[in-house]
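Quick caveat: nothing in here was measured; it's all calculated off a predicted structure. Just so you know, ligand 1 is whichever comes first in the structure, and atom 1 is the first atom listed for that ligand.
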Amino acid sequence: MLIKTGRDGFHHPNSSEITPEAMYRQRREMLKLMATGAAGAALASWAGREALAQVQRPGKLAALQATRSQVPGAVTMEKVTEYKDATTYNNFYEFGTDKADPAKNAGTLKTSPWTVEVDGMVKKPGKFALEDLLKLSPQEERIYRLRCVEGWSMVVPWVGYPLSKLVERVEPLGGAKFVEFHTQADRATMPGLRSGVLDWPYVEGLRMDEAMHPLTLLSFGMYGEVLPNQNGAPVRLVVPWKYGFKSAKSLVRIRFSDKEPKTAWNKAAANEYGFYSNVNPEVDHPRWSQATERRIGEDGLFTKKRKTLMFNGYEPQVGQLYAGMDLKKNY
Ligand code: MTE
């Protein structure tokens, strides 16, 4: 089924304003095919560009094309984590708390039709159908490390575009200092919601300058393909210099505010999970060190752990956002 286009009271870009007409038509064609699940056969002809992924994955995934990002720091040369590792070892508590649960249970997530509501302190609030979001800006592939607070990390080729493109479109008011991200909370399709482990919906937040930083990605895919459900389909956040939990999955609402958002993990355990949650080897989690990490799929239990880098290695790009701040206090 094709996703409906929501046009609630604000100007959506005419796609020809963003991409050349021919490319736009091809993208529309692709969206239609994705919606009908018939994408596999048509991939070769779509866009006439080199496909990032040649293999059709199990679980009705279809390739999503993108160009390699030119943003400094957006592509790491590190070995990319195996697809099977990045898609079977997940945190997505809406589908269970075990790392294997999301891959097993997230098949029930209904990703179409999908709408993201943008509200709060913005000039142009409204609802974006996924289709509108996908065509808001050309997609890029960005190979980022994702470091979990639990001490593991992975290197993933994410597909998406900077969140700033969406923020600019909705025109935040001068007083808006923070952005809140609310994710899907549907009891009918998400068995984990029966547990009180978190106060649902899962909410995350960023300061406005963090949200506008070019490394902050609104992501629709990984490994050149549409996001698998367990990794946050159909649209998620990727904030590579913060612990993984800041990268909220299956976004349904983005709200602008003048107050620091109350985030799900902060509400669950304020002494363990602060608002900033920057990857910082010098500030330990109260129950374990954050100085080292294990790369998923590569480092075994007996391998020497890797040193964790400040801001997950993105210090040259983001360090200045926190100049003068006490990062022990603002953990
Ligand atoms: N988003 C939602 N909605 N629910 C969650 O439980 N877990 C977070 C984050 N986003 C989570 C979420 C945590 S703890 C991590 S480490 C990352 O997703 C993991 O993303 P990945 O499974 O793609 O590696």
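- Residues meeting the side chain to side chain donor-acceptor pair (under 3.5 Å) test with His182, sequence neighbours left out: Glu180.
- Between Tyr322 and Glu315, the side chains place no donor N or O within less than 3.5 Å of an acceptor N or O (distance only, hydrogens not considered).
- A parallel orientation is assigned to the rings of Phe245 and Tyr243, their planes being inclined by less than 30° (bins at 30° and 60°).
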Using atom types as modelled, flag every donor-acceptor pair under 3.5 Å from a side chain in residues 160-168 to any protein atom, sequence neighbours excluded.
from   : atom 1 : to     : atom 2 : distance (Å)
Tyr161 : OH     : Leu133 : O      : 2.4

When you check ligand 1 against the protein, what N or O pairs turn up below 3.5 Å? List the atom names and distances, or just say none.
from     : atom 1 : to     : atom 2 : distance (Å)
ligand 1 : 1 (N)  : Lys249 : N      : 3.0
ligand 1 : 3 (N)  : Glu94  : OE2    : 2.9
ligand 1 : 3 (N)  : Thr183 : OG1    : 3.2
ligand 1 : 3 (N)  : Lys249 : O      : 3.3
ligand 1 : 4 (N)  : Glu94  : OE1    : 2.8
ligand 1 : 4 (N)  : Glu94  : OE2    : 3.4
ligand 1 : 6 (O)  : Tyr93  : N      : 2.7
ligand 1 : 7 (N)  : Asn91  : O      : 3.3
ligand 1 : 10 (N) : Ser247 : O      : 2.9
ligand 1 : 20 (O) : Arg236 : NH2    : 3.4
ligand 1 : 20 (O) : Lys249 : NZ     : 3.4
ligand 1 : 22 (O) : Asn90  : ND2    : 2.8
ligand 1 : 22 (O) : Lys249 : NZ     : 2.6
ligand 1 : 23 (O) : Asn231 : ND2    : 3.0
ligand 1 : 23 (O) : Arg236 : NH1    : 2.6

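- Sorted by first and then second residue, the pairs that involve residues 185-196 and meet side-chain hydrogen bond (donor to acceptor under 3.5 Å, both in side chains), not counting sequence neighbours, are Asp186-Thr189.
- Applying the side-chain hydrogen bond (donor to acceptor under 3.5 Å, both in side chains) test between Thr308 and each of Arg147, Glu282, Arg145 identifies Arg147 as the sole match.
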